[in-house]
Amino acid sequence: MSPAQWDLPPELCCRPVAFVALTGLDVVYNAIHRAIWDAFCANRRADRVPISFKVLPGDNEYPKCRTKRTSYEWYIPKGILKTGWMNKHLNLVPALVVLFYELDWDDPQWKEKQSECATKVEIVRTSLQGRNTKVAVVLIQKKTPLPPGEDLVASERASALCGACDLSGKSLFVLPHTDHLVGYIIRSDFLFLNKHQFKMGFFSELKQDTQNALKYYRTAYSLVHELRAHETNMLEIKTMAGFINYKICRLCFQHNTPLDAIAQFRKHIDLCKKKIGSAELAFEHTAWMSKQFQSFGDLFDEAIKLGLTAIQTQNPGFYYQQAAYYAQERKQQVGQLCSHEPGVGYPAPDPLETTSGALDFYGQRPWRQGHQSIDPPDSEKEKQGILALQVKERDIPHSELIIALLSNAVAQFKKYKCPRMKSHLMVQMGEEYYHAKDYTKALKLLDYVMCDYRTERWWSLLTSILCTALKCSYLMGQVKDYITYSMELVGRASILPEEQKSRIEKNLIKVLMNEVPEPEPDCDPLSVKTAQSLWSDRISLAGSNEFTIEVQDYVPFVQCKAKFLSPSFHIDEPVQLHVYVRADCPHPVRFSKLCVSLSNQEYNQYCLLEDASKGKDILEPSTQENMCLVPGKTRKYCFKFVAKTEDVGKKIEITSVGLMLGRETARYVYLNWRGGWGDAASSHETLQACRSFKKRTRFPEQQVDWDTVTIQSSTMIISRVPKISVQLTHEPPALTNEMYCMIVTIQSGEDTVAKDIKLTAGLKPGQDANLTQSTQITLNGTEVCDDSHPALLPDIPLGDLHPGQKPLYIHCVSTGSRILLFHVAYSVSATVEGKDITCKCHKDETVTLETVVPYEVAMKFVSSKFEHLERVYVDIPFLLMMDILSASPWPIELVNSEVQLASSMNAIDQPQSQVEGVTLQTSECASECFLLKCPPVQNGTTFAGDHANIVIIVVIILAVNRHLPSYVLELPSFGRVRESLPVRYHLENRTGLVQDVEITVEPSDAFMFSGLKQVRMRILPGAEQEMLYNFYPLMAGYQVLPQLNINLLRFPNISNQLLRRFLPSRIFVKPQGRNGDTSIEAA
Amino acid sequence: MAVCIAVIAKENYPLYIRSVPTQGELKFHYTVHTSLDVVEEKISGVGKALADQRELYLGLLYPTEDYKVYGYMTNSKVKFVIVVDSSNTSLRDNEIRSMFRKLHNSFTDVMCNPFYNPGDPIQSKAFDSIVSTMMVQAF
């Protein structure tokens, strides 16, 4: 039997469409006919009813119709469905025959043509021989017909033609050959369709009325299962059930009811699952089951392509997967049922041979077609038949079938986001390839999915995959793969029992010794033989005996952790590095080399542990022990080296740790830990270990708890600790503008000479930019800095160190705190581990300096009466008062002060500093006072004061009123009680205008007075007026004088107050003593 | 009754798997592993809706020809998977739920054990015996 035995017949799988035969068309020679034919066939779009057309000659031979039985009595059916039946109805027997005939209604030879047409119809009828096929006539006309009812000739002749051809009016069509050909044709499509709906039987029903067809199929399906099933017809029933099920599911998908389809399929499977049939041909059942699932998967997939949406848990993949399972089961059964003795050959004569070369009915045995009784007619024939089937089954490439199904499923699961399912199926595919002895493909697939299981830490699954992969690599003689898989299978990720691990490890050691390993168990003996010769070839093969395995992709049986002892090392101490190695294989294992690669490869030579006795057969016991890894024990290897001075400030990283297993003389493999530690499982283990409550059980001396070893894969080389001290002597705070002195004292504690000392001093970079501009540094304190001095003095060479001091001056123009940096760099030679190195050392010292204002100067203008002045007046002298308030925390000595006057102002006498040489303590205040006068015209004053070596320039703009009268009062310095006191007021008009003045004198309790109490007068420009009063004091003491009010009538705005400033308001009145009397008398 | 019960860590590696010894252990491991696809899809797809309901039971993950796989996820994203024989039609959804609840309670007890390091495989006699009561008894 061919492998296609289980395939569904193509006529079942195609979407059945009605078969319509067109006759009377000459598509080869007649252009009009060709156009009509093309219109029928060429442009069939989705909007048109699916029909298959065929042009046939009018006298075509159709399959003969057998005489139908009138009753089923005595009828013993030979089978259910004949094999040719579907094809017959799809392609041979038309549902409708359409006769095309060229005839216009007004044809001159109407009569003749009518009878010719009738004859043609008759010929077609005869050739159909009683089949229930409809016949229709199409008249091809050259003229456009008139609307129905108007053309009387046409309707008359039409009915005549119908009568002549024995047709109903509905079966006559007129096809005018005009531009609207396609439109007409579409219309006629529908009409044809209506005709063949009458066709009897469920099969024809299916042609387009799918709903009804479905109904028929469902009935048919249940009927099939009602058939009496026994061993002989089981296959036939299942075949039919499969066909009908297929049809039902197909229609359900077509009706967009996928759930119905799935339900039907489930029902179908549940019903048929147990109908195994003949036990000797059990594989037939599984093959059939597999096919059921596969074809359902195909249907499902097809529906999806047409727009159905599937979901993760319900997609074609599951059906393909199940199909693959059944295919696998079938293969197993074949293994059990078809493993005949070698002598048993294919039976002759061939019991599967039939006379026609094909079966009459689906699902029947070739050697007993049409047989319907329970017992086989001939048991010998039956035996031969079964044997023939078994022998044939043996030759079927099962693995291929399984792999095809699995790969179908993989494609589906990939689409529906099932990565794990996909991996699982790929594992199965790999295993199937392994069984099919295609080890390369098997290994490729297994290797591909292995890492998924490894990263998800499903060790049980990984172990099983690795075992298969190991077998593959063994059978192919792939050394590297063999070593890799062995290493993982021996290690902690493997769940293999100890004896298996032990076996694999022994094999691994053999491979490393360049020997042939023992074969893996359960391998195909033939393949093992090939493998053994492959391995022997490998021994003689020179080269390619070195392998490197990047550990981070695997979980090998050796673990490694490398760490620097400290995150940083000073240049003058050796860098120390520990490498911890541990094996978890069943037997101790010896390695021949351990090397650490660092980011600076020059150090690699110091981090190397090698077989000292290379080439020698016997090792020194010490080395032997040292390089032997005992399972479960952690070994520690210490390395140290002296860093190079160029590496100061640089990071040294462990780029990798390599461990060499095997011997250079034989075969060896490098395990390479990138970054010095960690394989595919380490990070999780580290996490678990640090969560663990199992805190550090005490380990005996020399043993380390693996989990407690932390990783330090990089270290920093830092400069030597300087043995010098940098001291800063100064007295904060600094004053603004002061040349602030800081003394830097550098003292060396080095054993040898500190050479090339360089000091960098100044403002620490990275502060406010304003500070940079307002800070100046110099070494010369004798002169004041200006902007040309930098804020940071770099690399002041101090030469070799002789303990000493360096004064430094800082000039801060603005207040606020600033950070100053003092950086001392020098080099010194040192000896580390017997190596002389020159170390560069440096020491930084920073200090925060507060700058404050040393003193504040406040100025004010007062009148000669020490009254506050807002304005000064021309020619009227005033006082400039200056207060100097010390804010400095220590005494300041005022060296000098000076008033620099603008030209608009004159000093009345020589202005001399009155505070010269005065020392001010904190918050003490010194004042001085200058008498000044503004000459007319000028209106500005500049004042400048100078103190010590700090200069402040203050500019004060004074507004001067220029046009006011001046008043002068002549008043004695004191009065005496009851003694007349003459007072004279002078009024002078200095303005250019005539002034009207009103003068009133207010009475006072302390005085009686005589004189004008209220007067109005007019003073000419430049003129002067005198007023004389005689005051008579009544009381002693400081007494308020009678107040003189002056109103300038022309300037009502000028305040009385302003004028009064110049007038004394009080006078001291002495009491009248006895002695005084005498003196008065004397006077 | 279940034919396989598994506890899967948040990171999707197995903390505990037990299956009936009569059938291939490996097959169940694969079944449980592949069911994680559906679990992941369920928790990512309906993350919001699920979080609101506080529903831990994930329902039937997927049916295979022979088995039904049910899922449950704790708030700490530890998953429980129960595999039931397809032929066992007597088991209702409610019973599966109560099995999961029992399992969850027992798992909580395991987690409360100060000597248990979360993330390590579960080796607890109490948990074992709870699982045993839910497994199909092998004869």
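No hydrogens, no waters, no symmetry mates; every other heavy atom, side chains included, goes into these values. Note that the coordinates shown come from a computational prediction; the quantities given were computed from them, not determined experimentally. Order of the sequence lines fixes the chain letters, A, B, ..., with proteins taken first and strands second; residue numbering starts at 1 for each chain.
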Original post:
Between B/E11 (side chain) and A/R457 (backbone), is there a donor-acceptor pair under 3.5 Å?
Top reply: no
Subject >> Distance-only donor-acceptor check, side chains A/H424 and B/T34, under 3.5 Å >> reply: no
Subject >> Set of residues satisfying salt bridge (Lys or Arg N to Asp or Glu O under 4.0 Å) with respect to A/D260, sequence neighbours excluded >> reply: none
Original post:
How are the rings of B/H33 and A/Y453 set to each other: parallel, tilted or perpendicular (split at 30° and 60°)?
Top reply: tilted
Original post:
Considering only heavy atoms, which portion of B/L60 lies under 4.5 Å from any heavy atom of chain A: side chain, backbone, both, or neither?
Top reply: neither
**OP:** Given side-chain contact (heavy atoms from CB on, under 4.5 Å), test A/T455 with B/Y13 step by step and report yes or no.
**Re:** CA-CA 9 Å; A/T455 43; B/Y13 64 88; over 6 Å; no
Original post:
Which residues pass the side-chain contact (heavy atoms from CB on, under 4.5 Å) test with A/L496, sequence neighbours left out?
Top reply: A/T463, A/C467, A/L489, A/S494, A/Q500, A/K501, A/I504
**OP:** Write down the atom of A/W458, the atom of B/I17, and the distance for their closest heavy-atom approach.
**Re:** CZ3-CD1, 3.4 Å
Original post:
Of the backbone (N, CA, C, O) and the side chain (C-beta and beyond), which part of A/F413 lies under 4.5 Å from a heavy atom of chain B, both, or neither?
Top reply: neither
Original post:
Considering heavy atoms only, which positions within residues 315-326 of chain A lie below 4.5 Å of chain B?
Top reply: A/F318, A/Q322, A/Y326
Subject >> Atom group of A/L687 that falls short of 4.5 Å from chain B, counting heavy atoms >> reply: neither
Original post:
Does NZ in A/K417 sit with more than 12 non-hydrogen atoms of other residues, nucleotides or ligands closer than 6.0 Å?
Top reply: no
**OP:** Answer with side chain, backbone, both or neither: which region of A/Q312 has an atom nearer than 4.5 Å to a non-hydrogen atom of chain B?
**Re:** side chain
Original post:
Stepwise, does the side-chain contact (heavy atoms from CB on, under 4.5 Å) test hold for B/Y30 with A/S464?
Top reply: CA-CA 11 Å; B/Y30 273 119; A/S464 118; 4.0 Å; yes
**OP:** Provide the full list of salt bridge (charged side-chain N to carboxylate O under 4.0 Å, His left out) pairs with a residue in residues 24-38 of chain B, sequence neighbours left out, each pair given once.
**Re:** A/R420-B/D37
Subject >> Nearest heavy-atom neighbours spanning A/Q688 and B/N117 >> reply: O-ND2, 2.9 Å
